[in-house]
Amino acid sequence: AQKITQTQPGMFVQEKEAVTLDCTYDTSDPSYGLFWYKQPSSGEMIFLIYQGSYDQQNATEGRYSLNFQKARKSANLVISASQLGDSAMYFCAMRDGSGNTGKLIFGQGTTLQVKP
Amino acid sequence: KAGVTQTPRYLIKTRGQQVTLSCSPISGHRSVSWYQQTPGQGLQFLFEYFSETQRNKGNFPGRFSGRQFSNSRSEMNVSTLELGDSALYLCASSLTGRIEKLFFGSGTQLSVL
């Protein structure tokens, strides 16, 4: 069965520093996609970044980058130059290989607090 | 371009009642998925609709149901509410089945008393 594990319930980072949020996954499917979402206190899930299992390069979206290590089944999110507005809950998620589905498996999330 | 719209934002119901939540996807999106978020269980997939057909279903009892209309708007219904149904219900839409992004709404916070 597919599974996403986020082992850091909470993290602190100083403003302007970089932070890495950990995510490991488990799947037997050779084709899959990995996502990171941000959920501020308002509740909305905001898409941050996506990595396909066959993508050769690590995904980047502005200050967000995904450190994809396929052999270790890890997909860590790196946020560079943290801002106060980055304080939120962060979720790692995976979809299965068919791609034809809106079903994502989510991890338990990591709460990030950025200190001024 | 408007995002995913969920109504109502907050809802308070009592045990035994039923509730209907609404989701309007991004214009042009044909896939709508529903998720339940609770502090204990986290985010769990409820079901997905694509072109008015349920394409995928999570492990929830039959009290949870949904439908999608021809304009892609979707509703989910929970009958005979239980205290454990208190949760944030999130709707997400994508253009077709082959997604790289799933766009979420702000959710409906349901409290069952």
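Per chain, numbering begins at 1; letters A, B, ... match sequence-line order. Just so it is clear, the model here is predicted, and its values are computed rather than measured.
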Where does B/Gln41 contact chain A at under 4.5 Å (heavy atoms): side chain, backbone, both or neither?
backbone
Inter-chain contacts: residues 105-113 of chain A against chain B, heavy atoms under 4.5 Å:
A/Phe106, A/Gln108
Contact list (residues 16-24 of chain A to chain B, heavy-atom gap under 4.5 Å, by number) returns none
Which pair of non-hydrogen atoms, one from A/Glu44 and one from B/Phe104, has the smallest distance, and what is that distance?
OE2-O, 3.7 Å
Heavy-atom contacts under 4.5 Å, residues 61-84 of chain B to chain A:
none
Shared hydrophobic cluster, A/Phe47 / A/Met89 (ILVMFWY, side-chain heavy atoms < 4.5 Å):
yes
Could you please state which residues from residues 10-18 of chain B sit under 4.5 angstrom from chain A, measuring non-hydrogen atom to non-hydrogen atom, sorted by number, or 'none'?
none
Heavy atoms, side chains only, cut-off 4.5 Å: are A/Arg95 and B/Leu102 in contact?
no
Interface residue of largest heavy-atom contact number with chain A, from B/Phe103, B/Tyr49, B/Phe45, under 4.5 Å:
B/Phe45
Out of B/Ser106, B/Gly107, B/Ala92, which one racks up the most heavy-atom pairs below 4.5 Å with chain A?
B/Ser106
Using non-hydrogen atoms only, which part of B/Leu88 is less than 4.5 Å away from chain A: side chain, backbone, both, or neither?
side chain
For A/Lys115, look at atom NZ and say whether over 12 heavy atoms of other residues, nucleotides or ligands are found less than 6.0 Å away.
no
